[in-house]
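By convention in this document, chain letters (A, B, ...) are assigned in the order of the sequence lines, proteins followed by strands, and residues within each chain are numbered from 1.
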Amino acid sequence: MTSKTTFFDDLEARGLIYEATEGARELFAESRSITGYIGFDPTARSLHVGSLLPILALARLQRAGHRPIALVGGGTGMIGDPSGKTRERQLLTREQVEENVEGIRAQLARFLDFEGEFAARLLDNHDWLGSLGVIEFLRDVGKHFTINYMLAKESVARRLQDGGGLSVTEFSYMLLQAYDFLVLSDRHDCVLQLGGSDQWGNITAGIELIRRARGRAAYGIVLPLVTTASGVKFGKTEAGTVWLDSELTSPYRFYQFWLNTDDRDAEHYLKAFTFLPLDEIAGIMEDHARNPAARGAQRRLATEVTRLVHGDDGLARAERVTAVLFGGRPVRDLSAAELLDVFADVPSTEMARARLEGEGLSAVELLADTGVAASKGEARRLILGGGVYLNGERVTDPDQRVRTEDAIEGKVLVLRKGKKSNHVVRLVA
RNA sequence: GGUGGGGUACCGAAGCGGCUAAACGGGGCAGACUGUAAAUCUGCUGGCCUCCGGCCUACGUAGGUUCGAAUCCUACCCCCACCA
């Protein structure tokens, strides 16, 4: 027991420890610095908010005076982790994986410090898995595991029970991940693996391998699954997955995602997704309880996380757009230039001005054309349901004509669907 | 390779010759109420049109039987279980 708050204590106080292997807590009680890693699957070009928890865990590790390793699964990505998946996965091509690895690598780099005493490392397991021979693998890794052990893993057992089928390829995944841990242990003196709760089986397999093959101890900590009070899957909005890449999810939408957090989740998210000290969070929550309508907790959450992921510039942009869209100022009071600047982060389309000349387009055609509605039928239904606004005013007639005169300064139309979904149409020659 | 079960809309799941663009549940979208929240209630949820009406595509794929098929027949593809 030390008086200093350790990495482990901090995680625990924030509700971020779902399960930990024996000895994990004590590992941090000593004052020495350790090395820990987390693996990231290159299933997409970008990481999404779901990965934020592990990323921040690595950053916390570093801030607590330890050395983090972010491992990108360029090798394991070729196989596909069955954990938490109900059916066999589609294999990615080598090119896809490489492309994804590059994207993820760049993102991870933003959260970690690669300089100094506790410099972070960014590795790709393809470096060792790519050249690993089957014979070598079976002798060095396979020998240490029994089928019984592997079948007992929850991820495997569940798949078999649900009748989802499990190929040898996916079945073997845990061995590869175990091998990763062994390699990192050998080469970088890595003693800890962190991960999502679905990684428990893979992590313990690694610890097992290190113990059997090297006689060394290693530890694992898994983070809880992020849940939402309303039961919706975390990280999804009507617009789909919330990515960390600003090309895929604009800072504005990213900010909005956090701003729309359920009251019941706010405190938990502040603890999990920001570095704010716990006593400060307690203060924020007190204010929030006094005046929930101000949504102070959500604002702070959105501010902190957006800054973390998109920097001060991204945050400033997000706040500017938010102020305009939800600040109560009529859209038509803005100049076209202001609108275009402010709406840079809002989805937009270009349209030839000529199409709005003369008779123009009907509201329905405009909505379908710009993609605000998936079809004319949907556009019609939306309008009849009262969910469509043109330049801030509700459209009531599906056949209402929209002409150049309706555009602000003859250049810009602002379409809104529902309360939160905005779309800008730029008129071009 | 054998035997049995199965492939229906975003997902789950009914239907098993016409009344089916397809019950029901979930999800999603919109509206009301609000705090850009939750809960609740309401509407919508294949496409197109000249939209209180009409047309076109759809129930694994391709053919066939029938006035008429998601529903019957044939072949093929895929999935699952058990056996070999």
Side-chain angles (χ1 to χ4, degrees), chain A residues 85-90 158-167 170 227-242 250 252-270 284-285 287-303 306 318-329 331 342 345-347 359 361-365 367-390 392-401 414-423:
Chain A
K85 302 285 186 299
T86 53
R87 55 174 57 178
E88 182 83 9
R89 295 213 301 198
Q90 197 74 40
R158 218 189 47 236
R159 267 284 271 280
L160 294 180
Q161 196 175 8
D162 295 354
L166 182 66
S167 65
E170 286 196 1
T227 55
T228 62
S230 57
V232 181
K233 194 172 176 204
F234 173 76
K236 298 277 182 191
T237 66
E238 59 277 23
T241 302
V242 180
S250 72
Y252 160 69
R253 280 211 247 166
F254 186 84
Y255 179 89
Q256 285 289 322
F257 166 74
W258 294 101
L259 193 61
N260 283 309
T261 298
D262 193 311
D263 278 11
R264 293 167 292 176
D265 292 321
E267 178 170 10
H268 160 211
Y269 287 2
L270 278 168
I284 294 168
M285 292 317 296
D287 290 343
H288 187 270
R290 262 195 296 279
N291 182 14
R295 289 181 308 133
Q298 282 92 335
R299 275 176 211 288
R300 190 63 193 276
L301 175 68
T303 302
T306 305
E319 284 178 331
R320 210 159 54 232
V321 183
T322 297
V324 171
L325 289 181
F326 298 99
R329 198 168 154 205
V331 170
V342 150
D345 279 355
V346 160
E359 274 304 289
L361 292 172
S362 71
V364 164
E365 287 166 330
L367 289 169
D369 234 72
T370 51
V372 171
S375 67
K376 290 186 188 176
E378 185 184 314
R380 192 172 291 276
R381 287 191 291 269
L382 274 172
I383 292 173
L384 292 176
V388 174
Y389 300 78
L390 173 63
E393 281 181 23
R394 180 173 273 170
V395 177
T396 50
D397 175 11
D399 297 314
Q400 179 186 325
R401 309 307 300 185
V414 179
L415 290 172
R416 196 175 106 212
K417 183 180 93 172
K419 283 193 188 90
K420 306 176 203 168
S421 176
N422 289 275
H423 187 102

Exactly one candidate in A/N260, A/T261, A/D263 meets side-chain hydrogen bond (donor to acceptor under 3.5 Å, both in side chains) with A/Q298; the answer is A/D263

Does a distance-only test, which skips hydrogens and angles, find a donor-acceptor pair under 3.5 Å between the side chain of A/Q256 and the base of B/U36?
yes

Taking atom C1' in both B/G18 and B/A69, what distance in whole Å separates the two?
9 Å

Compute the ring centroids of A/Y252 and A/F257, then answer whether they are less than 6.0 Å apart.
no

Counting side-chain heavy atoms from C-beta on, which of B/U34, B/G31, B/U36 comes nearest to A/K419?
B/U34

With the side chain of A/R380 defined as its heavy atoms from C-beta on, choose the nearest nucleotide among B/G35, B/A37, B/C51.
B/C51

Using a cut-off of under 3.5 Å, enumerate the N/O to N/O pairs linking the protein to nucleotides 56-59 of chain B.
none

Between A/T322 and A/V388, the residue closer to the 5' end of RNA chain B by nearest nucleotide is A/V388

Toward the 5' end of RNA chain B, which comes first, A/A294 or A/R264, by nearest nucleotide?
A/A294

Polar-atom pairs under 3.5 Å, protein N or O versus N or O of nucleotides 45-47 of chain B: list them with distances, or write none.
{"from": "B/G47", "atom 1": "OP1", "to": "A/S375", "atom 2": "OG", "distance (Å)": "3.0"}

Any base atoms under 4.0 Å from [X], or only sugar-phosphate, or nothing? Heavy atoms, all strands.
X	answer
A/R394	sugar-phosphate
A/L382	sugar-phosphate
A/D263	base

Can you measure A/R300 atom CZ to B/U36 atom C1' for me and round it to whole angstrom units?
20 Å

Check the distance between B/C44's P and A/I383's CD1 and give it to me in whole angstrom.
17 Å

Would you say that A/K417 contacts A/H423 through its side chain, given a criterion of any heavy-atom pair below 4.5 Å between the two side chains?
no

